[in-house]
Amino acid sequence: MHTKNLRPRAWLAGAGALALTTALASCTSTATTEETATATATATATSTASASSSSGDVVALAEAFAATLSDDQKSSLSQDYTFANAADWSNFPNALLTGMGGGPGGDSSTSGGRVGLQTDSLSDDQWSALEDLLAGVTGTAANEGFDEILQHWAADDYLEANGGGSDYGRGNFFIAYLGTPSDSGTWELQFGGHHLAVANTYTDGALVGATPSFRGIEPMSTVEQDGVTVQPEQQEQAAFAALLTSLDATQLASAELSTSYNDILLGPGEDWAFPTTSEGVEGSDLTDDQQALLLAAINTYVDDIDDADAATILAQYESELDDTYVAYSGTTAMSETGDYIRIDGPSVWIEFSMQNGVVLSGAHPHAVWRDKNTDYGGLTG
């Protein structure tokens, strides 16, 4: 099992990383049926596509990683581009999935868990190539993007060493190429494991979908593991709390949901099930400063994507802020079990929910970022 932190986190320092307090203060934007489904993906997802100059680099990095693999590993890595494979992600550890019968919630008729190549089979050189690939498709800000992935691996190693056992740890993540990496046609880079899901879909060299994107973390409190400081979701929590505590009494009453939530609505297996009616306080009823806080909270998820594409996506969401709703239940601190917040716009959908601990005591978050137009690049079942 790979336990080294091959890429020092210091490389992020000069990459435009900002403290959350700066982001909150200024909030400046950087800103078969399968054939039919693929056609739908191409047509639907172009609204937020960005033909960034790095698109060719993604293919090159994907090919470079594959070139390090054995034939058996390549066979596991390469999977069909289907909705069933794209939707096969989860927040659970893979061992729990297989024990429950596979599938996103452990409820499918198969028992194979996630598709793709498991990271426990990788050599140090293969790990380095994988890190190069993931760094190339994710953001450069501290506690976001690739830095967040490094912290997720460290967090799972921490759980492995502190009561979770071998079901946890960085060797239990999976990478899959759904379709063939190419600057023509459509393919998805899928990567994930416990509390982490990355789903980047590319069509003709452009990113056409960066969601569903799942993030959770246990423990929520700051810990050190193998020289890595684990605190990736604290920035999101602080952004949500700052937004909610900025609301006046009337706005807060509008934002409060009548129902309590003990988890997110649109987690694994809940695809394209967006509510038809939005709830909460509408963005048009927020002040400019409050809208800036709303955009800062959204940006903590969008910044997980490579910087160029993140700027394009954030600009789209910023243009829709007046029609974006904020709703919550529980406390405004977003720190206690049962605390829940939802951002629901014409395109963006973000949920953050505080859960009971599983391996450790104390609350920890589940969160999902989805896009109503470009989940899976527009691919549906």
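- Using modelled atom types, one finds a donor on one side chain and an acceptor on the other under 3.5 Å when comparing Asp371 with Tyr317.
- The main-chain N or O of Val302 is never found under 3.5 Å from a side-chain atom of Asn299 such that the two would form a donor-acceptor pair.
- In this model, a donor atom of one side chain and an acceptor atom of the other lie less than 3.5 Å apart for Tyr340 and Glu351.
- The backbone N or O of Ala84 lies less than 3.5 Å from no partner atom in the side chain of Asp88, so there is not a single donor-acceptor pair.
- Distance alone, capped at 3.5 Å, is enough to place a donor-acceptor pair between the Gln73 side chain and the Ser121 backbone.
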Query raised in the report: How far apart are the C-alpha atoms of Tyr158 and Val230, what are their side-chain angles, what is the distance that settles it, and do they pass the side-chain contact (heavy atoms from CB on, under 4.5 Å) test?
Result: CA-CA 9 Å; Tyr158 185 89; Val230 178; 5.8 Å; no
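- When only modelled atom types and interatomic distance are considered, Thr68 and Asp125 share no side-chain donor-acceptor pair under 3.5 Å.
- Between Glu218 and Glu233, the closest side-chain pair of non-hydrogen atoms is not below 4.5 Å.
- The same ILVMFWY cluster, assembled from side-chain heavy atoms under 4.5 Å apart, contains both Leu61 and Leu77.
- Closest of all the heavy-atom pairs between Gly136 and Asp306 is O-CB, 4.2 Å.
- Here the straight-line distance linking atom CG of Asp303 with atom CG of Leu314 works out to 7.5 Å at 0.5 Å rounding.
- When all heavy atoms of Ser329 and Ser260 are compared, the closest pair comes out as OG-CA, 4.0 Å.
- A donor-acceptor pair is defined here as one N or O able to donate and one able to accept, closer than 3.5 Å; such a pair exists between the side chain of Gln190 and the backbone of Asn85.
- Put simply, the side chain of Asp322 does not reach to within 4.5 Å of the side chain of Glu282, judged on heavy atoms.
- Nearest heavy atoms, Ile343 versus Ala297: CD1-CB, 4.3 Å.
- Closest approach of Val359 to Gly163, counting heavy atoms only: CG1-C, 3.9 Å.
- Taking 4.0 Å as the cut-off between side-chain N and carboxylate O, Arg170 and Asp157 count as a salt-bridged pair.
- Rounding to the nearest 0.5 Å places CE of Met220 at 13.5 Å from CG of Leu360.
- Taking CE of Met354 as the reference point, atom CG of Asp263 lies at 12.0 Å (rounded to 0.5 Å).
- You'll find the side chain of Tyr301 stays beyond 4.5 Å of the side chain of Val348, heavy atoms only.
- Distance check, rounded to the nearest 0.5 Å: CZ of Phe274 to CG of Asp271 gives 8.5 Å.
- Panel note: side chain Arg370, backbone Trp272; no donor-acceptor pair is recorded below 3.5 Å.
- At a cut-off of 3.5 Å, with distance as the only test, a side-chain donor of Ser353 or Gln355 sits close to an acceptor on the other residue.
- The backbone N or O of Phe65 sits nowhere less than 3.5 Å from a side-chain atom of Gln126 that would complete a donor-acceptor pair.
- At distances below 3.5 Å, not a single donor-acceptor pair connects side-chain atoms of Tyr328 with backbone N or O atoms of Leu244.
- Not one N or O on the side chain of Gln316 forms a donor-acceptor pair closer than 3.5 Å with the backbone of Ile313.
- Between Ser278 and Asp344, the side chains place a donor N or O and an acceptor N or O closer than 3.5 Å (distance only, hydrogens not considered).
- Thr324 contributes atom OG1, which lies 9.5 Å from atom CG of Leu295 (distance to the nearest 0.5 angstrom).
- Listed here is the closest heavy atom pair of Ala86 and Leu379: CB-CD2, 4.3 Å.
- Side-chain atoms of Thr211 never come within 3.5 Å of backbone atoms of Ser213 as a donor-acceptor pair (strictly under, hydrogens ignored).
- The main-chain N or O of Gly139 is never found under 3.5 Å from a side-chain atom of Asp307 such that the two would form a donor-acceptor pair.
- Val368 has its side chain out of reach of Asn91: every pair of non-hydrogen atoms, C-beta onward, lies at least 4.5 Å apart.
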Query - side-chain contact (heavy atoms from CB on, under 4.5 Å) evaluation trace for Asp339 with Phe240 - result: CA-CA 11 Å; Asp339 287 352; Phe240 289 132; over 6 Å; no
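- Evaluated for a side chain to side chain donor-acceptor pair (under 3.5 Å) with Asn172, the options Gln118, Glu160, His194 yield exactly one hit, Gln118.
- In this structure the side chain of Leu189 reaches within 4.5 angstrom of the side chain of Ile175, judged on heavy atoms.
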Requested in this report: Under the side-chain contact (heavy atoms from CB on, under 4.5 Å) rule, what do Glu131 and Leu150 come out as? Steps first, then yes or no, please.
Outcome: CA-CA 9 Å; Glu131 290 185 346; Leu150 292 178; 4.2 Å; yes
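- Note that CG of Asn143 and CD of Gln151 are 5.0 Å apart. Values are rounded to the nearest 0.5 Å.
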Query - From CA spacing to verdict: side-chain contact (heavy atoms from CB on, under 4.5 Å), His364, His195 - result: CA-CA 11 Å; His364 76 284; His195 279 160; 3.5 Å; yes
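- In the hydrophobic cluster analysis, where Ile, Leu, Val, Met, Phe, Trp and Tyr join through side-chain heavy atoms closer than 4.5 angstrom, Met334 is grouped together with Leu252.
- Between Asn373 and Ser347 the shortest heavy-atom distance is ND2-OG, 3.3 Å.
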